[in-house]
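Structure, as structure tokens:
Side-chain atoms are counted along with the backbone in the values below, which use heavy atoms only and exclude waters and symmetry mates.
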Amino acid sequence: MKLSPQTIPVERLALLGTLVAIFGELHPALDQWVQNSKDASCKGLYGDHVVYQDGTPVGQETGDRTGWPTMTASELGHRSVVRHVASYTAGQLVGTIAATRALGYRVPGRALLAGAAINAVTHAVIDRRKPLLWLAGKAGKRGYIDHCTAVRMDKDGALSAELSGPGTALMELDQALHRAIGVGAAVVTTWLATRQCGRV
């Protein structure tokens, strides 16, 4: 069906609103429920020191770990963020396709992939934490991050301060930035999906 020039803005606004809602509302589920627990705790690791696949440094393990794979902390952090972003992106694509098709709308594949790529690449960069800390510092948020840390207790009852993770300012900044970028990804997806007037 050929859309009239008058209906194109309405279609664009409707699609944009739908995509913003889908991206934004799926985000917490994909970031919290779908993400693997080990990936969540290891994706921000850096360093040349050797660790086990759960992030425990070699030499600090308890119990026998014979046969456990080891790698550098940076390699584990990279692998963890790649796994998380892969599951996040797959969930976003499935959710977007399911919701829009259920409503009788088919978003072109190229437009879908462009929006997913924006969310995936930026998600990986943000979740590695160092870039997010750099950006937060440039935005004058370092005091907020240092003030709003969380206290964690290990299995032996020892307490430590944590800069990242649930209950911290860095986590709040992380979530806010992901969702703001999701709006941009929705705008790009909408523009690509509707830039030609003749569509079904």
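Listed for the Arg179 side chain is a donor-acceptor partner under 3.5 Å among the backbone atoms of Gly24. Side-chain atoms of Tyr144 never come within 3.5 Å of backbone atoms of Leu170 as a donor-acceptor pair (strictly under, hydrogens ignored). Between the side chain of Arg128 and the main chain of Lys43, a donor-acceptor pair closer than 3.5 Å is present.
Taking 4.5 Å as the limit, some side-chain heavy atom of Tyr105 sits within range of a side-chain heavy atom of Glu11. Looking at heavy atoms from C-beta onward, Lys155 lies in side-chain contact with Thr62 at the 4.5 angstrom threshold. Within the 4.5 Å cutoff, the side chain of Leu30 has heavy atoms near those of the Gln92 side chain. Asp31 is listed as a side-chain neighbour of Asp127, based on a closest heavy-atom distance under 4.5 Å. Considering only heavy atoms from C-beta on, Gln53 stays 4.5 Å or farther from Ser80 through its side chain. Between Cys148 and Thr168 there is no side-chain heavy-atom pair separated by less than 4.5 Å. The side-chain heavy atoms of Val187 and Leu19, taken from C-beta on, include no pair separated by under 4.5 Å. Contact check for His49 versus Ser74: no side-chain heavy atoms found under the 4.5 Å cut-off.
Of all heavy-atom pairs spanning Ala120 and Val85, the tightest one is O-CG1, 3.5 Å. When all heavy atoms of Gly95 and Leu26 are compared, the closest pair comes out as CA-CD1, 3.8 Å.
For the atom pair Cys42 SG and Glu75 CD, the distance stands at 12.5 Å (nearest 0.5 Å). In this structure, CG on Leu132 lies 11.5 Å from OG1 on Thr122, to the nearest 0.5 angstrom. Distance CG/Leu76 to CG/Leu45: 5.5 Å, rounded to 0.5 Å. Note that the OG1 atom of Thr72 and the CZ atom of Arg79 stand 8.5 Å from one another [nearest 0.5 Å]. Here Gln175 contributes atom CD and Ile126 contributes atom CD1; the two are 9.5 Å apart, rounded to the nearest 0.5 Å. Atom CD1 in Ile181 sits 9.5 Å away from atom CD1 in Ile118 (nearest 0.5 Å).
Screening residues 111-134 for ring-ring contact (aromatic ring centres under 6.0 Å, His included), with sequence neighbours left out, gives His27-His123, His84-His123, Tyr88-His123, His123-His178.
Shown here are the salt bridge (charged side-chain N to carboxylate O under 4.0 Å, His left out) partners of Glu172, two or more places apart in sequence or in another chain: there are none.
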For this session: Step by step, work out the salt bridge (Lys or Arg N to Asp or Glu O under 4.0 Å) result for Arg129 and Asp174.
Result: CA-CA 9 Å; Arg129 292 295 178 247; Asp174 165 281; 2.8 Å; yes
Exercise. For Ile145 and Leu163, what are the C-alpha separation, side-chain angles and deciding distance, and is it a side chain to side chain contact (heavy atoms under 4.5 Å, CB included)?
Worked result: CA-CA 7 Å; Ile145 291 170; Leu163 197 66; 3.5 Å; yes
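A salt bridge does not link Asp54 to Lys38: none of the charged side-chain nitrogens sits closer than 4.0 Å to a carboxylate oxygen.
Hydrophobic clustering, with ILVMFWY side chains joined whenever heavy atoms are under 4.5 angstrom apart, groups Ile97 together with Leu113.
Arg106 and Thr100 share no donor-acceptor pair across their side chains, judged by distance under 3.5 Å alone. Using modelled atom types, one finds a donor on one side chain and an acceptor on the other under 3.5 Å when comparing Thr194 with Arg12.
Annotation for Asp154: atom CG counts as buried by contact number, over 12 foreign heavy atoms lying within 6.0 Å.
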